[in-house]
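Comments concern the structure below.
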Amino acid sequence: MLFQPGRDLAPMPEALKTDVTKVRGCASQVWLHATRDDQGPGETLHFTADSDAAIVKGLVALVLMLVNDRPAAEIDPAGIRARLDSLGLARHLSSNRTQGLASMVARIGDLSA
């Protein structure tokens with residue numbers, strides 16, 4: 001289920017995989033970069049991300065489906081967590097992966113603020 005979205009995730013340029021874009025709190029390496037587009041009716045965010053672990057890359061892709069190319073003002077970490085919780089992922093993930101997922105969502109919240 002989670003592997004395919006990770007395989008379909010757009011490649012992240014190696015130059016963006018830096019200490020600045022690294023998500024803290026993940027057992028696997030995860031990088032997350034946001035660009036702001038203020039063209040059009042409102043500012044939107046586009047995220048580029050990657051992970052060195054296939055299942056985590058799938059989780060990253062899942063999270064990006066919820067936030068990519070949306071107005072920054074509409075990105076709500078609590079809402080993201082609620083949507084992910086409704087999928088029942090926590091029952092299938094280790095505590096480390098669950099914590100890493102929470103760290104990704106928190107980082108997206110920081111970048112959208």
- Note on the structure: Interatomic distance, CZ@Arg81 vs OG@Ser86, rounded to 0.5 Å, equals 13.5 Å
- Between the OG1 atom in Thr98 and the CZ atom in Arg91, the distance rounded to the nearest 0.5 Å is 12.0 Å
- Is the backbone of Leu16 close enough, under 3.5 Å, to the side chain of Thr21 for a donor and an acceptor to pair up by distance? yes
- Could you tell me the separation between the CZ atom of Arg24 and the CZ atom of Arg107, rounded to the nearest 0.5 Å? 8.5 Å
- Kindly compute the distance separating CG (Asp37) from OG1 (Thr44), expressed to the nearest 0.5 Å. 4.5 Å
- To the nearest 0.5 Å, what is the distance between CD1 (Ile108) and CG (Asp76)? 12.0 Å
- Query: Looking only at heavy atoms, which two atoms of Ile75 and Val67 are closest? And how far apart?
  - Reply: CD1-O, 3.9 Å
- Message: Could you report the tightest heavy-atom contact between Cys26 and Gly100, atom names first, then the distance?
- Response: SG-O, 3.5 Å
- Query: Looking at CE of Met12 and OG of Ser51, how far apart are the two atoms once the value is rounded to the nearest 0.5 Å?
  - Reply: 11.0 Å
- Message: Run Val30 and Val56 through side chain to side chain contact (heavy atoms under 4.5 Å, CB included) and show every step you take.
- Response: CA-CA 8 Å; Val30 176; Val56 175; 3.5 Å; yes
- Task: Verify whether one side chain among Arg97 and Ser28 offers a donor that lies under 3.5 Å from an acceptor in the other.
- Result: yes
- Message: Under the rule for salt bridge (charged side-chain N to carboxylate O under 4.0 Å, His left out), what residues qualify as partners of Asp85, not counting sequence neighbours?
- Response: none
- Task: Locate the shortest heavy-atom distance separating Val60 from Leu9; write the atom from each residue and the value.
- Result: CG1-CD2, 4.1 Å
- Message: Using every non-hydrogen atom in the two residues, find where Asp50 and Lys17 come nearest and quote the distance to one decimal.
- Response: OD2-NZ, 2.6 Å
- Task: Could you tell me whether the side chain of Asp52 and the main chain of Gln29 form a donor-acceptor pair under 3.5 Å?
- Result: yes
- Query: Within the distance-only criterion (no hydrogens, no angle test), does the side chain of Asn68 pair as donor or acceptor with the backbone N or O of Phe47 below 3.5 angstrom?
  - Reply: yes
- Task: Tell me whether Trp31 is reachable from Ile55 by hopping between hydrophobic residues (I, L, V, M, F, W, Y) whose side-chain heavy atoms are closer than 4.5 Å.
- Result: no
- Message: If the condition is salt bridge (charged side-chain N to carboxylate O under 4.0 Å, His left out), which residues does Arg36 pass it with, not counting sequence neighbours?
- Response: Glu43
- Search all heavy atoms of Ala49 against all heavy atoms of Leu32 and return the closest pair with its distance. CB-CD1, 3.8 Å
- Item | Stepwise side chain to side chain contact (heavy atoms under 4.5 Å, CB included) test for Leu84 and Ile80 | CA-CA 6 Å; Leu84 295 172; Ile80 298 166; 4.0 Å; yes
